[in-house]
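In what follows, chains carry the letters A, B, and so on, assigned in the order in which the sequence lines appear, proteins first and then strands, with residues in each chain numbered from 1. What you see is a predicted model, and the numbers here were worked out from it, not measured in a lab. Basis for what follows: all heavy atoms, side chains included, without hydrogens, waters or symmetry-related copies.
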Amino acid sequence: MREEIHFLLGHEARVVRALDPTMTVLDYLRQEEGLVGTKEGCNEGDCGACTVVRVRPREGRLHYEALNACIQFLPTLDGCQLLTVEHLAGSDGALHPVQQAMVDCHGSQCGFCTPGFVMSLFAMSRNFEAAPSDSEIDDALAGNLCRCTGYAPIARAATQLYETDPRQDYFTAREAETLEALTQLRDHVTLAFGQGPRRFFAPATLDALAELLTAHPEATIIAGSTDVGLWVTKALRRLGTVVWLGRIDELARVEETERAIEIGAVASYADAAEALSRHYPDMGEVIRRLGSVQIRNLGTIGGNIANGSPIGDSPPLLIAAGATLHLRQGSKRRSLPLEDFFLDYGKQDRLPDEFVEKVAVPLPPAGSTFRAYKISKRFDQDISAVLGAFQLRLDGAQVTEARIAYGGMAATPKRAAAVEACLTGADWDEATVERAMAALEQDFAPISDWRASASYRLQVAKNLLRRLHIETSDPATETRLVGDGSLTHA
Amino acid sequence: MPDSRTPERITGAVHQARRHDSAHKHVSGEAAYIDDLREPSGLLHVCLGVGGDAHARIVGLDLEPVRAAKGVVAVFTAADIPGINDISPTHRDDEPVFATDRLLFAGQPLFAVAAETRDQARRAARLAVVETEALEPVVTLEAAKAEGTLVTEPLG
């Protein structure tokens with residue numbers, strides 16, 4: 001086992017061993033490195049003031065991802081390059097094109113959120129070869145909050161920085177050298193960071209993971225830590241044994257077979273979005289509105305499932321599509337329909353030393369229609385009050401199959417069995433929709449909380465059935481306020 | 001035809017785009033905010049202890065567990081304020097520094113704890129035993145009018 005972590009901070013090598021294993025990257029930067037350009041705002045991955053960029057090799061190139069330093073644990077930097085706002089200007093002090101555009105367009109006022117915006121824009125400039133559209137800029141910046149300048153000058157800076165090629169820079173000039181340095185950092189030895197009962201393990205292979213969990217069934221398993229990060233920063237929990245999955249290449253894969261999209265447990269939303277949205281445009285639209293770029297680069301679909309939250313957005317989507325969950329314990333593997341994994345509030349069908357290996361999402365059956373609707377107070381970066389996902393197969397006017405799942409309506413993500421029964425075999429018309437809306441009351445008795453009241457949840461869940469009917473029977477009706485309007489015709 | 005008394009463009013700073021004089025520092029992370037300054041040795045860290053109710057009567061506040069927590073040097077409540085327990089910018093004494101008898105919003109400060117490290121202060125602030133009797137939160141204009149609840153006394 002290797003006890004120290006290796007990474008690049010800017011272009012300098014770092015080797016770190018004796019620090020708290022769940023110290024956040026943000027605290028590490030500010031307290032240990034004295035790099036105070038990265039700010040602490042909300043400390044829960046919402047405001048983006050702590051945005052930094054993680055760089056990893058991918059398909060022979062450097063892959064740049066914006067993320068929230070406040071909810072990432074230090075050992076997850078192992079094998080990566082970390083770039084902060086301090087690293088962008090040239091050694092002669094000349095501002096990076098991203099920084100210059102923000103200055104020229106008056107993109108800062110109090111300046112506190114600015115380093116985070118700069119880093120989000122920097123990551124955007126690495127990921128968009130041509131100038132992004134206005135809505136792509138909005139998406140790129142949805143995870144950064146500004147409370148004084150206003151977003152218009154910042155969005156103008158995002159456009160202006162493409163007047164020259166923002167990638168003609170120092171990072172591109174050093175790409176080969178950085179790739180080589182990062183390749184040197186890779187090994188297949190399990191990382192064991194920290195001392196005594198508070199240890200952070202990061203195995204590099206599936207077999208090493210299975211063995212570790214057999215030895216440490218009490219371990220907290222983390223992938224993107226977008227939830228567990230808050231246990232530490234907000235609930236002030238001191239985690240004991242942690243096992244992080246982020247170094248296991250086999251778990252990071254998103255593979256398309258002839259029949260399914262297979263998503264490894266540690267593939268991020270960003271990694272999975274392309275394949276999912278190609279086959280299920282509405283899944284792509286929900287993912288676009290889920291968290292922010294920073295969160296989607298960290299958060300995983302596997303984690304969203306294993307975590308078992310009743311308001312996780314991916315389970316209802318995947319259940320409606322008929323996904324299968326694959327679990328592993330030691331050398332034993334089993335699989336089950338995803339809906340069967342969720343037993344009760346906070347209770348999943350997972351043994352202590354068992355882990356999610358992947359989820360397989362079947363490709364849409366011929367002649368099927370898939371729709372998903374996320375209802376939240378804000379359009380972007382908000383937790384759902386209700387999420388409804390629907391897969392229908394029609395034969396002429398008749399419904400031959402209906403798979404319907406809701407989030408936020410019960411203690412678990414759950415199929416609407418009574419609604420499905422009501423629809424199956426019936427004509428897809430207004431009278432059937434009315435009956436299905438009534439049947440929904442047999443499926444769900446939602447609770448009231450600060451996101452929505454029980455009666456609102458029930459009403460909106462029913463209304464989504466009507467919306468589904470309108471979209472599928474009269475595509476000219478405008479049903480979507482945001483996003484790509486063409487989705488209603490998909 | 002422009003009025004000859006009014007130049008077409010006013011000279012001076014007005015109507016001219018001027019860069020923020022700190023913009024280059026904002027974008028490079030060099031602008032120093034209070035939390036970015038290097039700490040003098042021995043600096044204590046203060047954290048607020050806050051209430052959880054949206055509206056409640058405060059029945060009891062036991063701060064002994066806070067005082068006994070590791071690293072804690074001092075705990076302050078409204079009783080420790082030498083002047084008026086008020087932080088309102090309008091000088092109308094309508095925003096207490098620390099709540100005394102009623103909590104008016106979730107997260108309202110009740111006390112502050114000073115400790116040797118930030119982590120110790122944050123942990124200690126969670127240890128207070130706050131006893132409250134929940135009251136109905138006033139969240140609509142109608143409810144406020146019905147109850148005669150005002151944010152502050154009328155200015156007139």
Greatest number of non-hydrogen atom pairs under 4.5 angstrom with chain B, of A/L236, A/D27, A/T114, A/V85, falls to A/L236
I'd like to know if the side chain of A/Y162 and the backbone of A/P132 have a donor-acceptor N/O pair within less than 3.5 Å. no
Using 30° and 60° as the class boundaries, would you call the ring planes of A/Y64 and A/F171 parallel, tilted or perpendicular? perpendicular
Honestly, the part of A/V118 sitting under 4.5 Å from a heavy atom of chain B is side chain
Show your working on salt bridge (Lys or Arg N to Asp or Glu O under 4.0 Å) between A/D104 and B/R19 and close with a plain yes or no. CA-CA 7 Å; A/D104 293 345; B/R19 285 180 187 169; 2.7 Å; yes
Exceeds 12 heavy-atom contacts within 6.0 angstrom, atom CZ of A/R174: yes
Does the side chain of B/I81 come within less than 4.5 Å of B/F76's, by heavy atoms? no
Residue A/L95 versus chain B: region with a heavy atom under 4.5 Å: side chain
Got a sec: does the CD1 of B/I87 have more than 12 other heavy atoms crowding it under 6.0 Å? no
Under 4.5 Å heavy-atom distance to chain B, tell me which part of A/F112 shows up: side chain, backbone, both or neither. both
Name the region of A/A235, side chain, backbone, both or neither, that has any atom closer than 4.5 Å to a heavy atom of chain B. backbone
Show your reasoning for whether salt bridge (Lys or Arg N to Asp or Glu O under 4.0 Å) applies to B/E142 and B/K145. CA-CA 5 Å; B/E142 291 73 21; B/K145 280 170 80 175; over 6 Å; no
Option in B/S28, B/A32, B/A31 with maximal non-hydrogen atom pairs under 4.5 Å from chain A: B/S28
Between A/R237 and A/T22, does a side chain to side chain donor-acceptor pair (under 3.5 Å) hold up when you go through it step by step? CA-CA 10 Å; A/R237 279 175 60 177; A/T22 58; over 6 Å; no
Set out, in order, the CA-CA distance, both residues' side-chain angles and the distance that settles salt bridge (Lys or Arg N to Asp or Glu O under 4.0 Å) for A/D382 and A/R451, then state yes or no. CA-CA 10 Å; A/D382 200 0; A/R451 290 191 188 90; 5.5 Å; no
Closest-packed option against chain B by number of heavy-atom pairs under 4.5 Å, given A/M102, A/Q100, A/H106, A/H96: A/H106
Among A/E86, A/Q109, A/H87, which residue forms the greatest number of heavy-atom pairs with chain B at distances under 4.5 Å? A/Q109
For residues 110-129 of chain B, give me every residue with a non-hydrogen atom less than 4.5 Å from any non-hydrogen atom of chain A. B/R118, B/D119, B/R122, B/R123, B/R126
B/R38 atom CZ, neighbour heavy-atom count above 12 within 6.0 Å: no
